[in-house]
Amino acid sequence: MTRLDSFLRAAIIMAFAVAVRPGLAAAQVKAWASQDCGSGVSLRLSSSAGSQGGLLQAEVRSAAPLSAIDAKWADHALPFWPAARTTNPARANAPRANVQRALMGIDLERKPGDYEIAFAAQLPGGEQVNCSSQLTVKAGKFAIENLKVAPEFVEPNPKDIERADKERQRLREIFAAATPERLWRGSFRLPLAGAKNARNFGRRRVLNGQPGSPHTGVDFPAPAGTLIHAAQRGRVVLAENLFFSGNTVILDHGLGVYTFYGHMISISVKAGDFVNAGAILGHVGATGRATGPHLHWGLTVNQARVNPLQIVGLPAL
């Protein structure tokens, strides 16, 4: 094969990747921001800047194994997991750095500005490694959405307010807990077969003429009864009816990563169940505060509410 043939072949492959998965292709082309920590250790970010509601990756590479890893950003722990070694037989004997990875969620209401990512770890001989990197958070571009919903969901009675407040606190407690192990394996998938990309994440909603909270997930319109699938392996930590989101399921994928499935007409799992990627969680409905049958799908990463579509575009994690 000539050099020109090789160039054309690479160009065709990249064009196909952009057409099929534009977010992934862009991530592969864009260079990571790297910080030399010394002693053969480097801290890398998939980008030095991200928008509100965005999802980034962090990676630590080291010549020697690391222990006692402690990383933080935006007052939250940043849990790392060891990356799997290559299964390619041709590269089985090739030297490879020790690699640890983490997901960094930027909450959709995180104040724009510069933030420090602090990292510390220990080398086999006991030497301490410390370094930091900077992340710039940019304002997201979120549209305003006007919706008509049942009046009781805009001006609930005292009993419903009390119920909603208790449920809100319970959700905060769920998302504040981080299972110390990674439960998912591989890439995340969309929860509905044949689903199209939704574009309403983060929209500032006006409900019956009154300003409401920002939309913390994406909505997939679908006929009532459509099967809803688990985006990845995980443990069911909630499966019940909530005031605003109706019949709801929350999956814990480990390391502070949770997916949220709302407005179901029926639920097919119970709290405590362990499910595999693609498992049936329930069926699309319009329970709770909904204008019609659809699935509300959300993603929380270390208590940050981020656009769930961004995790689908990542390579196998």
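- Note: Trp297 and Phe220 have tilted aromatic rings, judged against thresholds of 30 and 60 degrees for the angle between ring planes.
- Nearest approach of Thr287 to Asn247, heavy atoms of both residues: OG1-N, 3.0 Å.
- A continuous path of ILVMFWY side-chain contacts below 4.5 Å connects Val257 to Leu108, so both sit in one hydrophobic cluster.
- Taking each heavy atom of Pro191 and Tyr261 in turn, the nearest pair found is CB-CE2, 3.8 Å.
- Contact of the Tyr115 side chain with the Arg110 side chain is registered, since non-hydrogen atoms from C-beta on lie closer than 4.5 Å.
- Clustering ILVMFWY residues whenever any of their side-chain heavy atoms sit less than 4.5 angstrom apart, transitively, puts Leu314 in a cluster other than the one holding Leu56.
- For His296 and Phe260, the ring centers are positioned less than 6.0 Å apart.
- What you find for Leu192 and Leu227 is that their closest heavy atoms are CD2-O, 3.2 Å.
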side-chain contact (heavy atoms from CB on, under 4.5 Å), that's the test. Do Leu171 and Leu238 meet it? Break it down for me.
CA-CA 9 Å; Leu171 293 178; Leu238 183 142; 4.3 Å; yes
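- Using a distance-only test at 3.5 Å, with no hydrogens or angles considered, a donor-acceptor pair links the side chain of Ser46 to the main chain of Gln57.
- Atoms CG and NE2, on Asn276 and His229 in that order, are 13.5 Å from each other to the nearest 0.5 Å.
- Here the side chains of Leu255 and Phe80 are not in contact, with every heavy-atom distance at 4.5 Å or above.
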May I have the step-by-step check of side-chain contact (heavy atoms from CB on, under 4.5 Å) for His76 and Gln303, ending in yes or no?
CA-CA 8 Å; His76 291 290; Gln303 301 182 61; 3.4 Å; yes
Stepwise side chain to side chain donor-acceptor pair (under 3.5 Å) test for Thr136 and Asp114:
CA-CA 4 Å; Thr136 299; Asp114 293 329; 2.7 Å; yes
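- Going from atom OG1 of Thr248 over to atom CD1 of Ile250 covers 7.0 Å, rounded to the nearest 0.5 Å.
- Taking NE2 from His283 and CG from Leu295, the interatomic distance works out to 12.5 Å, rounded to the nearest 0.5 Å.
- Linking Ile, Leu, Val, Met, Phe, Trp and Tyr residues whenever their side-chain heavy atoms come within less than 4.5 Å places Phe119 and Leu123 in a single cluster.
- Looking only at side-chain heavy atoms (C-beta outward), Ser133 and Glu116 stay at 4.5 Å or farther from each other.
- At least one donor-acceptor pair under 3.5 Å links the side chain of Thr226 to the backbone N or O of Pro223.
- When hydrophobic clusters are built by joining Ile, Leu, Val, Met, Phe, Trp and Tyr residues whose side-chain heavy atoms come closer than 4.5 Å, directly or via intermediates, Ile69 is grouped together with Leu45.
- In summary, the side chains of Asp252 and Thr179 do present a donor paired with an acceptor at a separation below 3.5 Å, with no hydrogens or angles considered.
- The distance between the ring centers of His253 and Phe188 falls below 6.0 angstrom.
- Counting heavy atoms from C-beta outward, Val275 and Val236 have side chains that approach closer than 4.5 Å.
- Here the CD1-OG distance, from Ile311 to Ser187, works out to 9.5 Å after rounding to the nearest 0.5 Å.
- Across Leu183 and Arg235, no two heavy atoms sit closer than the pair CD1-NH1, 3.8 Å.
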side-chain contact (heavy atoms from CB on, under 4.5 Å) assessment of Phe244 paired with Arg168:
CA-CA 10 Å; Phe244 285 115; Arg168 196 175 292 113; 3.6 Å; yes
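- Put simply, the residue from Ile106, Val218, Leu55 that forms a side chain to side chain contact (heavy atoms under 4.5 Å, CB included) with Asn307 is Val218.
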Verify salt bridge (Lys or Arg N to Asp or Glu O under 4.0 Å) between Glu240 and Arg170, making sure each step is shown before the conclusion.
CA-CA 13 Å; Glu240 62 189 70; Arg170 186 177 171 201; 2.7 Å; yes
Derivation of the side-chain contact (heavy atoms from CB on, under 4.5 Å) call for Val99 and Arg101:
CA-CA 7 Å; Val99 179; Arg101 294 196 174 115; 4.2 Å; yes
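- Residues Glu162 and Lys166 meet the side-chain proximity criterion, which asks for heavy atoms closer than 4.5 Å.
- Of all heavy-atom pairs spanning Ala195 and Leu190, the tightest one is O-CD1, 3.7 Å.
- For the pair Tyr258/Leu251, no side-chain contact is recorded, criterion being any heavy-atom separation below 4.5 Å from C-beta on.
- The structure places OG of Ser47 at 7.5 Å from NZ of Lys138, a figure rounded to the nearest 0.5 Å.
- Put simply, the side chain of Thr300 does not reach to within 4.5 Å of the side chain of Val306, judged on heavy atoms.
- Atom CE in Met104 sits 6.0 Å away from atom CG in Leu78 (nearest 0.5 Å).
- Considering only heavy atoms from C-beta on, Asn130 comes within 4.5 Å of Gln128 through its side chain.
- When hydrophobic clusters are built by joining Ile, Leu, Val, Met, Phe, Trp and Tyr residues whose side-chain heavy atoms come closer than 4.5 Å, directly or via intermediates, Phe175 is not grouped with Leu299.
- Of all the heavy atoms in Val301 and Leu103, the pair that sits closest is CG1-O, 3.9 Å.
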Under the criterion salt bridge (Lys or Arg N to Asp or Glu O under 4.0 Å), I'd like the reasoning laid out for Asp70 against Lys72: C-alpha separation, chi angles, the key distance, then a yes or no.
CA-CA 7 Å; Asp70 182 24; Lys72 291 184 176 64; 3.1 Å; yes
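- Salt-bridge annotation for Arg163 and Asp160: absent, with no side-chain N of the basic residue lying under 4.0 Å from a carboxylate O of the acidic one.
- Within the 3.5 Å criterion, the main-chain N or O of Arg182 finds a donor-acceptor partner in the side chain of Arg185.
- Cation-pi geometry between Arg44 and Trp32 is met: under 6.0 angstrom from the ring centre, within 45 degrees of the axis.
- Side-chain contact annotation: Glu127 with Ser39, donor-acceptor N/O pair under 3.5 Å present.
- Of the possible donor and acceptor atoms, one in the side chain of Glu167 sits under 3.5 Å from a partner among the backbone N and O of Phe243.
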